There are 2 protein chains.
Amino acid sequence: MSRSNPRVLSTLERAGGFASAQEVYQLMQREGQSIGLTTVYRSLQSLVNDKIVDVLRRDDGEAIYRLCGETHHHHLVCKSCGETVEIEGGAIEKWALNVGKEHGFREVGHTAEIFGLCSKC
Amino acid sequence: MSRSNPRVLSTLERAGGFASAQEVYQLMQREGQSIGLTTVYRSLQSLVNDKIVDVLRRDDGEAIYRLCGETHHHHLVCKSCGETVEIEGGAIEKWALNVGKEHGFREVGHTAEIFGLCSKC
DNA sequence: TATGGAAATGAAAATCATTTTCATTTGTGG
DNA sequence: CCACAAATGAAAATGATTTTCATTTCCATA
C-alpha cells in the first residue's frame, strides 16, 4: 500500500467543500505542482480508508471528496443567474442525524441544495 | 428524442427493487427478448426524465434505477450495501422554503439525500 | 396501396472516470 | 555506498455510459 501524499490533502483542504479527484489534480497542475493523476487517486483512496475524508457521488457518478468533520454549509442557488448564497445548515444537520439514527444508521452525512429564482431574476 | 420502450419498464418492474441498466439488459437477454443496450439506456433516461423511475448510485458509481412513488420524498441510503429508506421530508420542505424566502427567492425547490452505514453493514 | 418523413433501434466507436501494470525514482537503514 | 522497500507516474486496461450514424419501423396522407 501507499500512504497519502500530503500535498493532496493540503489541496483538498484549500479547495473548500467537495472536490473530485480530477479537480484536485487540475488545481495542483494550475498551481504548478508536479504530481501524477494516479497519485492523486491513490492518496484520496488512502485518506478515505483512514477516515480523514468522506466520499460521495455526484449525479453524474463522479466521486467527490471532502474532509470529514469539516463543518459544511449549503447553497441557495439562483436557477437563472447562478447567484449563490451560503446557508447555515443547523436545522438540516439535526434532521439528517435524527433520521439516520431512527433507522439505525451510523456515520450519517447528507447533501442538500436549495434552488430558485433570486429577486433580480 | 425517443420515448421509453415499454418492455424496459416492464422488466424493471419485474426486477423488484433496484436494477442497473446492465442488469435490466442482461435480464431481457436471458428472457430471450431482443433489445439493444443503447435502447435500455435511452429508455431508462427517458423514464427518469418523466419521473417514472428514480435513479441512485451504487458505491462503485454504477447507476441503479427503480420505480418511484408519486410523492416527493428523500432517501436515506447505505453507503455500503445500497439499502434505501424513503424519508418523509416535511421538515426539509419548510426549511428550504423559509431559507429561500428569507433571501427573496421565488419558485424554491431543493434536493437532499442522507447517507450512512446501515445497521447490517 | 404507395410514399415520404419522423421516430426508434442497435452495432460500433467514442468518452471519461477510475484502476492496474510496470518500470523508474526516491528514501532509508545497515 | 548498497540493497531493498515504498512511492511515483506514464501508459494501457477497464467498464459504464453516451454518441454516431446507418438502417428499420411507423404512420399519416395522397
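Throughout, a chain's letter reflects where its sequence line sits, starting with A, and its residues are numbered from 1. The model shown is predicted, which means the values in this text are computed figures rather than measured ones.
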Anything under 3.5 Å between a protein N or O and an N or O of nucleotides 18-22 of chain D, put it in a table, one pair a line.
unit_1 : atom_1 : unit_2  : atom_2 : d
D:dT18 : OP1    : B:Gln45 : NE2    : 3.2
D:dT18 : OP2    : B:Gln45 : NE2    : 2.8

Can you name the residues that form a side chain to side chain donor-acceptor pair (under 3.5 Å) with B:Glu62, not counting sequence neighbours? B:Ser20, B:Arg58
Partners of A:Arg57 by side chain to side chain donor-acceptor pair (under 3.5 Å), sequence neighbours excluded? none
At under 4.0 Å between heavy atoms, what does B:Glu62 touch on the DNA or RNA strands: base, sugar-phosphate, or nothing? sugar-phosphate
Which nucleotide wins on minimum distance to the side chain of B:Ile35, given the candidates C:dG10, C:dT18, D:dT17? C:dG10
Starting the side chain at C-beta, find the nucleotide from C:dG10, D:dG9, D:dT17 nearest to B:Arg57. D:dT17
Nucleotide [N], atom [atom2] - distance to [atom1] of [X] in whole Å:
X: B:Asp59; N: D:dA16; atom1: CG; atom2: P; value: 16 Å
X: B:Arg3; N: C:dA7; atom1: CZ; atom2: C1'; value: 8 Å
X: A:Asp60; N: D:dG15; atom1: CG; atom2: C1'; value: 16 Å
X: A:Gln22; N: C:dT15; atom1: CD; atom2: C1'; value: 12 Å

Under the salt bridge (Lys or Arg N to Asp or Glu O under 4.0 Å) rule, what pairs show up with a residue in residues 100-117 of chain A, not counting sequence neighbours? A:Lys51-A:Glu107
Considering residues at least two apart in sequence or located in another chain, which fulfil the side chain to side chain contact (heavy atoms under 4.5 Å, CB included) criterion with [X]?
X: B:Tyr25; value: B:Gln29, B:Ile35, B:Leu37, B:Val40
X: B:Leu47; value: B:Ser4, B:Leu9, B:Leu44, B:Ile52, B:Val53
X: A:Ala19; value: A:Leu12, A:Ala15, A:Glu23, A:Val24

If you link I, L, V, M, F, W and Y whenever their side-chain heavy atoms are under 4.5 Å apart, who else ends up in the same group as B:Phe18? B:Leu56, B:Ile64, B:Val77
Show the distances under 3.5 angstrom between N or O atoms of the protein and N or O atoms of nucleotides 25-27 of chain D.
none

Is there a side-chain contact between A:Asn5 and the phosphate of D:dT8, meaning an N or O under 4.0 Å from OP1 or OP2? yes
Name every donor-acceptor pair, under 3.5 Å, that has one atom in a side chain of residues 114-121 of chain B and the other anywhere in the protein, sequence neighbours excluded.
unit_1   : atom_1 : unit_2  : atom_2 : d
B:Lys120 : NZ     : B:Glu83 : OE1    : 3.1

For B:Ala21 against B:Tyr65, the heavy-atom pair lying closest together: N-CE1, 3.9 Å
Locate the shortest heavy-atom distance separating B:Val99 from A:Leu76; write the atom from each residue and the value. O-CD2, 4.0 Å
Residues which pass salt bridge (Lys or Arg N to Asp or Glu O under 4.0 Å) with A:Arg14, listed by chain and number, not counting sequence neighbours: A:Glu31
Annotated structure of DNA chain D as dot-bracket, pair cut-off 3.5 Å, Watson-Crick or G-U only, | for inter-strand, is ||||||||||||||||||||||||||||||
